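Working notes, beginning with the structure itself.
Labels below follow one simple rule: chain letters A, B, ... track the order of the sequence lines, proteins then strands, and each chain is numbered from 1. A quick note: this is a predicted structure, and the numbers were derived from the prediction, not measured.
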Amino acid sequence: MNAVLSQGIFDIQPFSLHDGPGIRTTVFLKGCPLRCQWCSNPEGLEALPTLSYQESKCSGCLDCVDSCPTDALTASEGKLVVQHDLCSACGACIKVCPTGALKLYGHQESPADIIDRVKRDKKYFEKSGGGLTLSGGEVMMQTGFALEILKLAKEENIHTCIETSGFASQEEYASILPFVDLVLFDYKHSTPDEHRKYTGVSNEKILGNLQFLSEQGARIVLRLPIIPGINDTEQHFQAVSEISRQYEGIQRVEVLPYHNWGAHKYEEIGWPEPALGTESVAPETARGWVVRLREMACKNVASS
Amino acid sequence: MIREKTNLSAFLSYYCDTQGEFIPGRLVSCTPDPNEMVGILKDFTSTYRSFSQEEIENREAACVNVQLQGRVRPIQPGDLFAGRMDQMPISFTPQSKGTGLGYCIHPDIDKMLISKKELTPESGRVLEQIMVFWQQEGTVYKSRRKMPDEVKEAIPSELYYQESGVAFSLYRMSGVQMDYHKLVKLGLPGLRQEIAKYKLQFAADAKATALYSAMESVLDSFADLCLFYSMQARAMAEVEFNKDEARELLDMSRVLENISKKAPVTFREGLQLVYLYNKFDGAKNYSRMDDYLADLYHDDLAGGRIDEEEAIRLLSGTWRLMISRDNRYDTRVIIGGLGRHNESRADEVAMLIMETTRRVADIVPQLALRFHKDQNPQLYNKGLEVLASGSTYPMLYNDEVNVHSAQKAFEVPYEEAIHVIQYGCGEYVLNHRSVGTPSGVINLLQALLVTMNRGIDPSTGKTMGMPLERYQKYGNFERFEVLFSAYKEQLEYHVGPLALQEYLEYVHAAEDNAYLSSSILMDDCIQRGKAIYGGGIRHLGGTLETYGNSNTADSLLAIRMLVYEQKAFSLEYLIEILKADFETHTLERRMLLECPKYGNDDDLADQMLLEVHNHICNLTKKQAANTGMDSYLVVVINNDANTIMGGFTAASPDGRKANTYLNPGNNPSGGADKCGVTSFLNSMAKPDTSIHAGAVQNMKFSKELLTGHRDMFEILLETYFENGGAQAMLTVTSRGELEDAMLHPENYQNLIVRVGGFSERFVNLPPETQREVLSRTLN
């Protein structure tokens, strides 16, 4: 495996209405220290570029096999066999794939180029109270990179949001905060054990950072991915409601009902699809959760 | 039923007995059977012939009168207005289905006469003779015969719907937006007075005198038409059992009788007058309806004779007639905007018109809302509300951009430019002051393909376009600029003759016809004593329909990048790839598809589009100086010609497969806009609108966006308009389009409202997920 951490970004998405206020352009940074089982952007989790293969688009030409320097791509009985863990992310196969069945998520793009793209929508930002959102992946895995982008955004008078899991050092948050107008802070589970079980890490550091950010005067939106059977529990709702009242920095709470629209990506990147045992959440169910949270005196809660 | 006047015209006499009493049966069953129709055609033809030594004006007046008998159809149950009129199989019709400049044969003549089997042998014989006659005498045939060789060589065909070609001619006079405000204000008596006044002034001018006399005669015919329908309605009322329907018919009858002899004094009379005159004339667009009905509505309201619901009821009745009778490529109703006589009164009517469209949503009328920065915001908001309810209308027109653009494009002062409206498929004209029928179409993509193939049409292998000698100076297209220059010359080769052909169509048309009913209501015909195309119209404009604009720009960019800059393959190899329609060349097709495309706010792609756009627009615009036209401008409009012509166009370097549609209007080629709706809107606002006569931008939005995120939607539009967007044709997609969206997701990419923190392209979702997302979005 390549020792150099590639990272960078894996998508720039204009006209996002649910990644902060107004009309926004969301830049997705590659790499995340968590492994939430419901993640809808699994292709953004590894630091290295991630190979994706959509079999439905494959024409069976097998030109990619010859191009591959490792054994990640082989042929068996006339069909392509992809072994993702052998992929060195060199990108050779992408160039020869005629249909785009093979894709590589994650590339380098300079902060200046990114802001060039983002600022094209400045008028929309100004009118709608929108701006730039850094998401991913986990923004704070590339704090320096994120900082560069945010600084340039502020030079352009663009409103900035970061969407973060809260899993980074206080120093890193301290360094970035002066350039962030609004923090979208994801909070996944209230019990350390459950948190570790479903995301790979415990929640103590995360809670600590939530407190830190609030004390530093950050404006925070608490974002709650709620997955039926996992964290739609009375206990978690109770804990979250308390948190919402406890930290002044939290302006509002947003429920993110689980959807499985990203589920197809798991197979494409060669990962096992998590067995969550649930479909996308129906709007009525999400509304019910909001009602429940309100009953628990959760501050300013709505469904995203 | 006795008419007051004892000397009835031939038309009315037909429905009366020898004592001058109307025969109810004849009135009601006024549709001629095939043999009777042939009889009328015979009369029409002999009338025409009897004027062979006389002025064309008189001939036209007589023919218009004779053909009435073949055109009127019965009022139907539920109609609130009279106006069901058909075109005769052979007639005087300025804008016909197919080609028609005046005297014309309808393309469906066989069907109309229910096949020659129903005809008696005698009728069959007569019909044959008539056909032979008109195939020489029809205005189109005369014009075609007179067209100079240079036009015929460059534009060999009219059959854009049947074969491939770079440019085609169109023979028809469309887009006459008449002065309905004047019609409604003056009524028939007022118009007669005005004509009489000028007739005196121009007494020494024989041609002018003939024109005025003919105009008077045409108004008499129209008055007769009103009386005919008045009597028909009365006859129907007398045998109508349902009291309400009978009352309605009597009201209709009274209205028609009134307008036959007086200026309208009620809203209903105004509507009836306009609709029936429009049908009588054959014009197909309804101009600024809020403006010309404003005073009548106001007076009726003040007099307690009408309320909002009644006005909507009457407008709905008009809409229903349009839905039944009018075609989807015209039937424009314009509301809002600068230049109305009484803005606040007109605004009230505009609101009612929009409410009517909300309730009676259909493909016609094509309602267009002009807005300006000081306009009552209620109108714009109402427009969005109507769109959100699922209507395709109104289309939105930004006065701030359009008035300024009209000034520059038509080279007229502000006071004239404020009257800019649209007709048909989106072409701009100055209300009752200008004309601008498109007389030609040009397929820019085909021009490029033929140029690449050095004068050979890749679809048929035949030579096409500019003469082969002209390619010599371009050598082997060694550099991109050389190829681009050759493409430009290809267009120049066609546009000159197209402009000339447009101008000559007007000249030939004027030599044959005066278009009397139009001339009466177009400036400055009566004032000058000249017919509309014979020097009467204030601004004689012409337009040229362009197709394949974005495909061409995207193709040129792909060629420049892959062939000339990256040298991925040679031009010859590219031609091979296209010839094979990308078979076995999937990788190359992907490379072509992945070159930047217009519609993504990409500098390279959009620059190329601007270059293509500016070139054809400026090239076209400067042709007017070579003709007698006041302007000759490109239109980038919205009808199905893009699909039809795409069907005859080979595979192109933008990655488009052979015989598939060309991009509609100003839109990016289907599927090209991948970056999201803001990028899409940014791109669409870039082309210069001051160098052409109208472009259409189709935008599909989901109901979810319009209702769930209305404020964001409004911001999108507002910003687009501020960025220079001239026009928006918004389609709010609905559940019913789910299947189509599944089949063609590339056309629906901008609809999707995203969810938080999720990175995805709609086309990458598996089908089941697409369906799920769409169901939610197209709710």
Interchain contact, Ser128(A) with chain B, by part (heavy-atom threshold 4.5 Å): both
Over 12 foreign heavy atoms within 6.0 Å of NZ, Lys579(B): no
More than 12 heavy atoms from other groups under 6.0 Å of CD on Glu279(A): no
From Asp601(B) atom CG to Arg117(A) atom CZ, the distance as rounded to the nearest 0.5 Å: 10.5 Å
Candidate pair Lys127(A) and Glu718(B), rule salt bridge (charged side-chain N to carboxylate O under 4.0 Å, His left out), full reasoning: CA-CA 9 Å; Lys127(A) 283 188 192 286; Glu718(B) 195 184 306; 2.9 Å; yes
Where Lys123(A) and Asn723(B) come nearest, the two heavy atoms and their spacing: NZ-OD1, 2.6 Å
Gln378(B) atom CD, neighbour heavy-atom count above 12 within 6.0 Å: no
Residues Asp603(B) and Arg120(A) bridged, charged N to O under 4.0 Å: yes
Glu267(A) atom CD, over 12 foreign heavy atoms within 6.0 Å: no
Donor on one side chain, acceptor on other, Ser759(B) and Asn41(A), under 3.5 Å: no
Heavy atoms of other groups near Gln607(B) CD, more than 12 under 6.0 Å: no
Chain B contact via Lys103(A) - which portion, at a heavy-atom distance below 4.5 Å: side chain
Derivation and outcome, side chain to side chain contact (heavy atoms under 4.5 Å, CB included), residues Ile23(A) and Thr719(B): CA-CA 12 Å; Ile23(A) 294 170; Thr719(B) 310; over 6 Å; no
Most chain A-contacting option - heavy-atom pairs closer than 4.5 Å, from Arg589(B), Glu588(B), Glu722(B): Glu722(B)
Part of Glu254(A) within contact of chain B (heavy atom distance under 4.5 Å): neither
Min side-chain heavy-atom separation His264(A)-Pro766(B) under 4.5 Å: yes
Leu681(B) and Phe15(A): CA distance, side-chain angles, deciding distance, side chain to side chain contact (heavy atoms under 4.5 Å, CB included) verdict: CA-CA 11 Å; Leu681(B) 290 173; Phe15(A) 195 63; over 6 Å; no
Structural part of Leu256(A) lying under 4.5 Å from a heavy atom of chain B: neither
Contacting moiety of Cys97(A), where chain B heavy atoms sit under 4.5 Å: both
Choice from Gly44(A), Ser135(A), Ser40(A) maximising heavy atom contacts with chain B below 4.5 Å: Ser40(A)
Shortest non-hydrogen contact between Asp121(A) and Thr678(B), atoms and distance: OD2-OG1, 2.5 Å
Distance, nearest 0.5 Å, that separates CG of Leu17(A) from CG of Leu705(B): 7.0 Å
Aromatic ring proximity Phe758(B)/His18(A), centre distance under 6.0 Å: no
Tyr124(A) portion near chain B, given a 4.5 angstrom heavy-atom threshold: both
Nearest non-hydrogen partners of Glu760(B) and Gln13(A), listed with the distance: N-OE1, 3.4 Å
